[in-house]
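Worth saying up front: this structure is predicted, and the values here are computed from it rather than measured. All values below come from the heavy atoms of this structure, side chains included, with hydrogens, waters and symmetry mates left out.
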Amino acid sequence: MLRILVSIALISTLVHTSSSSYSPATQKSINTYKKFIKDECNSTTYPNFCYNYLSHYAWQVKTNRVTLTKVAVNITVMIAKSSFKTLTKLSKSTSLTKAESSVLADCRDNIDDTVDRLQQSAKQLARLNGTRTVEERFEWDSIKTWMSAAITDEYTCTDGIGEMKVRVPLQKKIQSSIANVAWMNSNALALVNKISY
């Protein structure tokens with residue numbers, strides 16, 4: 001998994017840093033790939049958010065829906081891990097009330113579950129290539145179940161904030177961190193739904 005994420009990051013960096021030296025033909029290909037990603041993202045819940053993240057991987061994705069979906073799920077894993085780190089950092093503050101500590105603890109548990117479910121999805125997805133077999137269909141269904149459960153975890157956290165006395169600045173930090181995970185997860189699930197059958 002780590003190797004996949006490092007490879008994605010490396011490819012993104014290489015594409016970004018060398019884009020100015022592309023030949024007109026190569027640039028045309030990249031524009032074609034980005035248009036493909038934009039069109040695919042238009043079917044997701046948060047299309048602009050989707051495109052802003054995934055367009056950086058145009059050279060890797062090309063016009064392959066399965067590759068695009070794999071990249072989307074792996075990015076969601078990274079965002080979820082980042083959210084967990086943010087919540088952990090916030091939970092270490094010495095100025096938290098009992099209610100705030102409780103909310104953060106619940107959110108950390110939920111996002112920890114989210115990370116686990118997304119990692120399961122990414123691991124399963126790495127083996128798939130979009131062939132129409134009974135085995136693959138079962139695996140796609142498992143991925144959809146895990147990702148849907150992850151979304152439930154994310155919204156369970158934000159629901160808890162509204163039920164407890166949490167100071168507004170802290171609410172905003174928690175909600176912002178969770179929103180990034182929820183939006184990308186929703187987008188990735190939409191892409192999974194688009195190619196599963």
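Here the side chains of Thr114 and Phe84 are not in contact, with every heavy-atom distance at 4.5 Å or above. Ile111 has its side chain within reach of Leu87: a pair of non-hydrogen atoms, C-beta onward, lies under 4.5 Å apart. Using a 4.5 Å cut-off on side-chain heavy atoms (C-beta onward), Tyr57 and Ile75 make contact.
Within a 6.0 Å radius of NZ in Lys62, more than 12 heavy atoms belonging to other residues, nucleotides or ligands are found.
By the 4.0 Å N-to-carboxylate-O rule, Arg108 lies too far from Asp112 to be salt-bridged with it.
For the side chain to side chain contact (heavy atoms under 4.5 Å, CB included) test with Leu54, the passing option among Leu68, Val61, Thr44 is Leu68; the others fail.
Within the 3.5 Å criterion, the main-chain N or O of Thr133 finds no donor-acceptor partner in the side chain of Glu136. The backbone N or O of Ser148 sits less than 3.5 Å from a side-chain atom of Thr152, completing a donor-acceptor pair. Formation of a donor-acceptor pair under 3.5 Å by the Ser186 side chain with backbone atoms of Trp183 is not found in this model.
Leu90 and Ile174 make their closest contact through CD1-CG1, 4.2 Å (heavy atoms, listed as atom of the first residue, atom of the second, distance).
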- [ ] Dump the intermediate steps for side chain to side chain donor-acceptor pair (under 3.5 Å) on Asn110 and Glu154, then the final yes or no.
- [x] CA-CA 6 Å; Asn110 285 316; Glu154 292 144 20; over 6 Å; no
Task: side-chain contact (heavy atoms from CB on, under 4.5 Å) between Glu40 and Leu191, worked out - done: CA-CA 8 Å; Glu40 293 297 304; Leu191 295 174; 4.3 Å; yes
Open item on the list: Using side-chain contact (heavy atoms from CB on, under 4.5 Å), reason through Leu96 and Leu170 one step at a time and then give a plain yes or no.
Closed with: CA-CA 9 Å; Leu96 297 175; Leu170 181 59; 3.8 Å; yes
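With values rounded to the nearest 0.5 angstrom, Met147 atom CE is found 12.5 Å from Gln124 atom CD.
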